[in-house]
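One structure is given here, and the rest of the page talks about it.
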Protein chains: 2
Amino acid sequence: MSTEPSQAVAAPAQRWRSYGPLTLHPILQHAMEAFNEHGYHGTSVREIAGRVGVTVPALYYHYENKQALLSTLLETSMRDVLDRCRAAAEEAGDDPLPRFSGMVESIVLYMAHRKGLAFLDTEIRSLEPANRARYVALRDYLEHMLLDTVQAGIRQGTFTTPIPADAVRAVLIMCQGVANWYRESGSLTAEEVAERHVLLSLGTVGYRGAFSGEAVPAPRPRGATRRRQA
Amino acid sequence: MSTEPSQAVAAPAQRWRSYGPLTLHPILQHAMEAFNEHGYHGTSVREIAGRVGVTVPALYYHYENKQALLSTLLETSMRDVLDRCRAAAEEAGDDPLPRFSGMVESIVLYMAHRKGLAFLDTEIRSLEPANRARYVALRDYLEHMLLDTVQAGIRQGTFTTPIPADAVRAVLIMCQGVANWYRESGSLTAEEVAERHVLLSLGTVGYRGAFSGEAVPAPRPRGATRRRQA
DNA sequence: GGGGACTTACTGAGCGTTCACTAAACAACG
DNA sequence: CGTTGTTTAGTGAACGCTCAGTAAGTCCCC
């Protein structure tokens, strides 16, 4: 275990990169796992209760119903990725290239580090209309943030895609896809996957320098880079 | 506008581009629609029967069980897209650029024209292990076809991505994503969406000419190009 | 009259949810 | 300190309903 630098105000600039172990109410934690294994409709409240180690009514003491479990999980997740993406964008400043790169990196890091939550995105269909509307609004906001940056890059001449809206959608879809295939036991760390997706995304938006030498021009400070052993 | 060579035997070379109305056994058709609306576990056999307009046992006369409906649908779909992609690759020949472009085009055309079937991909989780294994094997085969072509393009110097396997996965994910957001009532035809995704994909695999002038170098013959009115 | 394409009528199991009730912890006060 | 009132976090049993699936009978056409 690495010794955390004891600080009063905990490095605000890098907060979007740091991922501690996921701390969720045990009920949410187990609901998340069950939903990911069998889907929302494929999971019974009895199974969730069984995983938590309590009886069914105990679930209803803490959450209104099964739907509230899914809705809470999805909204928590979307708000977290949005916050981190916003933080990454702020840190990068107004220059479209590092700004776009940082946003993509933050999103992919989330998809890998919070795979369990991110993968629940496949369950939006099971949200009741009101809950779904709130979720989709957050997701659209994320898309607009990215699109604004790509369009700025086009005006500047950095990005050359003639179809920015399609490119942004494609980028978001490929980032979201990380939550589907990424395995913690795989050969790449979350950070490496993020780096690669920055590269792929830059190609998708038509950044000319994407595949020549240094793709991400701003080297990022790293304390105690984690490396996997296998 | 190029003149099509008139052929008696209904253009076999273009068969991967042509999409008639989807003809499926009514039971499969309605199962597909129900699965897409509520998911596999969210759909009851009663609902499927109700949509078809028959009683529940009539379903069991034609199909072994609910799982067989999903499995049949998914495998039919995957085989169709594979066949079309293979046909597109054959038609394009060995040159990696048109070959890759044709494959991507064929896949995206499928995702848009057969959205209902393609969208079922989200339900693989609900396949029993044996059925899932068969489906995944087909999907992996498609991925390898694309990867071979991209690697050939890299050897040739046409594609420049340093991470071809990641690029191919990303391309397939963004193609699959079309089935999620494409609407027939939208502003783009399936053909236009396919064209755009060829462009995006070329950027993703690091094709340098992707965003300068003619992106898809082989102009394709088109008889009676359909245009949407809105 | 024989078989294909259904129907009616039903089963046991499981679903989300709610009921009435309680053990343990805590706060306030005489 | 000991009692009382209240809150937190549960329990076991059961509700009404729906689930996937089936046994046996019926219609109809070749």
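Since we're looking at a predicted model, the values are computed, not measured.
Here D:dA9 presents its P atom at 5 Å from NE2 of A:His62, a figure rounded to the nearest Å. In this entry the distance linking NE2 of A:His25 with P of D:dT8 reads 13 Å, nearest Å. If you take NZ of B:Lys66 and P of D:dT22, they are 14 Å apart, rounded to a whole angstrom. In this structure, A:Tyr63 atom OH and D:dG10 atom P are separated by 12 Å, rounded to whole Å. At whole-Å resolution of the value, OH in B:Tyr61 and P in D:dG25 are 18 Å apart.
By the salt bridge (charged side-chain N to carboxylate O under 4.0 Å, His left out) test, A:Arg196 pairs with B:Asp166, sequence neighbours left out. By the side-chain contact (heavy atoms from CB on, under 4.5 Å) test, B:Thr76 is found to be paired with B:Thr72, residues two or more places apart in sequence or in another chain being considered. Residues satisfying the side-chain contact (heavy atoms from CB on, under 4.5 Å) criterion with B:Ala31, sequence neighbours excluded, are B:Phe35, B:Ile48, B:Leu69, B:Leu73. Residues satisfying the salt bridge (charged side-chain N to carboxylate O under 4.0 Å, His left out) criterion with A:Arg79, sequence neighbours excluded, are A:Glu75. Under the salt bridge (charged side-chain N to carboxylate O under 4.0 Å, His left out) criterion, B:Asp83 pairs with B:Arg86, not counting sequence neighbours.
A salt bridge links A:Glu105 to A:Arg17: one of the charged nitrogens lies within less than 4.0 Å of a carboxylate oxygen.
By the 4.5 Å heavy-atom criterion applied to side chains, A:Ile107 and A:Leu172 are counted as neighbours. The shortest distance between side-chain heavy atoms of A:Leu109 and A:Arg114 does not fall below 4.5 Å. Two residues are said to be in side-chain contact when any heavy atoms from C-beta on lie closer than 4.5 Å; A:Tyr40 and A:Ile124 fail this criterion.
Here salt bridge (Lys or Arg N to Asp or Glu O under 4.0 Å) pairs that include residues 118-133 of chain B, with residues two or more places apart or in two chains, are A:Glu123-B:Arg125, A:Arg125-B:Glu123. Residue pairs meeting the salt bridge (Lys or Arg N to Asp or Glu O under 4.0 Å) criterion with at least one partner in residues 48-62 of chain B, sequence neighbours excluded, are B:Glu37-B:Arg51, B:Glu47-B:Arg51.
Judged by distance alone, the side chain of B:Lys115 and the main-chain N or O of B:Val178 form no donor-acceptor pair under 3.5 Å.
Against DNA chain C, the stretch residues 38-50 of chain B makes no heavy-atom approach under 4.0 Å. In the region residues 122-130 of chain B, proximity to DNA chain C at under 4.0 angstrom, judged on heavy atoms, holds for none of the residues. Listed in residue order, the members of residues 51-58 of chain B having a heavy atom less than 4.0 Å from DNA chain C are B:Val54, B:Thr55, B:Pro57, B:Ala58.
If you walk DNA chain C from 5' to 3' and mark each nucleotide with an atom closer than 4.0 Å to a heavy atom of chain B, the marks span C:dG4 to C:dA9.
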Please tabulate, for the side chains in residues 18-29 of chain A, all donor-acceptor contacts under 3.5 angstrom to protein atoms that are two or more places apart in sequence or on a different chain.
| unit_1 | atom_1 | unit_2 | atom_2 | d |
| --- | --- | --- | --- | --- |
| A:Tyr19 | OH | A:Arg84 | NE | 3.4 |
| A:Tyr19 | OH | A:Tyr110 | N | 3.4 |
| A:His25 | ND1 | A:Ile27 | N | 3.1 |
| A:Gln29 | NE2 | A:Glu33 | OE2 | 2.8 |

